[in-house]
Amino acid sequence: MTGAPMARPWRLRAALAAAAIAMTCFAATVSKAQEWRGWNIHPPDYPVSRGMERFGELVAQRTNNRIRLKTYHSAQLGQQDEAIQQMRLGSIDFAEFNLSPLNNLAPLTQVPTLPFLFRSVEHLHTVMDGPVGDEIAKQLEGVGIVPLAWYDAGARSMYTRRLVAKPEDLRGMKIRVQTSDLWIDLIRALGANPTPLPFGEVYTSLQSGVIDGAENNWPSYESTRHFEVARYFATTEHSNVPEILAVSRTRWQRLSAADKELVKAAARESAQMQRQLWAERERVSRERVIAGGAQVTEITDKGPWQAAMAPVYAKYAADPTVASLVQRIRETR
Ligand code: BDP
């Protein structure tokens, strides 16, 4: 009887304290749980999209669903240039971008965009996964876009409504480009008229004759069905510009060091998968467009195309930083 009145307040206090701790832990877990919004321009079956889904699965698994990723495919959250702005503002948390529309914003991205720079896919991977890739990534981080891994985008070639077999055939043609000064100069160097347009407007513009051609890799030529309205594909393979899987700096800065490591590792693993899927899809897409009526002109001698690119190098590699990166890339074995 005597101990009871003393014990009760003690027990009550202990119980309240335990409840308070439990509430705090619960609140902490809840507040840390997050869902990221991801932007992607491609349809769900595209290698980029499958890589992004894999990235999401790995992050969710390894954080016990504390960080969940939702990718909106097929440009549901807007066209590329808008998505870049949204990412810088932090309203899109992660995305996969081609480097070309980032060329003006982060000039070092111009380096791997330059025509006829890489000798092979292996050369591209060695360069981008190494210190040169890190320097380019650092500049992007400075503008609010933190690259996590490099995705493959193959070689880009010209496709047109009329046959093109040599650079002169392009003279006077209107060719669609992504929003990038370098691309405008590249198309001008070929004697054609560059026309910047969002990816999603290329099909109808080709169909109506607003433009005479565009340039892209086999998988995009196929997935967009551009081959239906621009049947002549010339294997110019003029640029191997790669892509990034990136997170917004706003999100990145809020992550713990351990989460940063985890997210980066997941992104790199997804890139390994994306690269394998990419190589396979390049072959499949090529077969599909040929079956669909595309007329392929093999450009076996790239010499005249490369020679036409001299003014592009003269202008962009005039910058000493760009020039030294170009040299380091050429020297990379
Ligand atoms: C595709 C890229 C995509 C670009 C598109 C384009 O994967 O990021 O938006 O080309 O040309 O190959 O706009």
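Just so you know, residue 1 is the first one in the sequence shown, and it goes up from there. Ligands are counted one by one from 1 in listed order, and the atoms in each one are counted from 1 as well.
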Note the single closest protein heavy atom to [atom], along with its residue, its atom name and the distance in Å.
atom	answer
atom 2 (C) of ligand 1	Glu243 OE2, 3.1 Å
atom 3 (C) of ligand 1	His42 NE2, 3.8 Å
atom 4 (C) of ligand 1	Gln178 OE1, 3.7 Å

Original post:
Do Tyr316 and Thr113 get their side chains close enough for a donor-acceptor pair, meaning under 3.5 Å?
Top reply: no
Original post:
Does the side chain of Glu237 pick up a donor-acceptor pair with the side chain of Ser157 at under 3.5 Å?
Top reply: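 There is no such pair (donor and acceptor under 3.5 Å, judged by atom type) between the side chains of Glu237 and Ser157.
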Subject >> Atom indices of ligand 1 within 4.0 angstrom of Asn98 heavy atoms, with elements >> reply: 8 (O)
**OP:** Number the atoms of ligand 1 from 1 as they appear, then name those within less than 4.0 Å of a heavy atom of Asn216, with their elements.
**Re:**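 So the answer, numbered in order with elements, is 1 (C), 5 (C), 6 (C), 10 (O), 11 (O), 12 (O).
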Original post:
Can a cation-pi geometry be assigned to Lys70 and Tyr72, taking NZ or CZ under 6.0 Å from the six-membered ring centre and within 45° of the ring axis?
Top reply: yes
Subject >> Stacked cation flag Arg156 on Trp183, 6.0 angstrom / 45 deg >> reply: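 Yes, a cation-pi geometry holds between Arg156 and Trp183.
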**OP:** Would you mind checking if Glu261 and Lys264 are paired as a salt bridge, meaning a charged N to carboxylate O distance below 4.0 Å?
**Re:**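 Between Glu261 and Lys264 there is no salt bridge, as every charged N stays at least 4.0 Å from the carboxylate O atoms.
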**OP:** Could you check which of Gln80, Arg176, Glu201 puts a non-hydrogen atom nearest to atom 6 (C) of ligand 1?
**Re:** Arg176
Ignoring angles and geometry beyond distance, decide whether [X] reaches within less than 3.5 Å of ligand 1 through its nitrogen or oxygen atoms.
X	answer
Ser220	yes
Glu215	no
Asn217	yes

Original post:
Centres of the Trp39 and Phe94 rings: under 6.0 Å?
Top reply: no
Subject >> Heavy-atom closest contact (Leu140 atom, Ala106 atom, distance) >> reply: CD2-CB, 3.7 Å
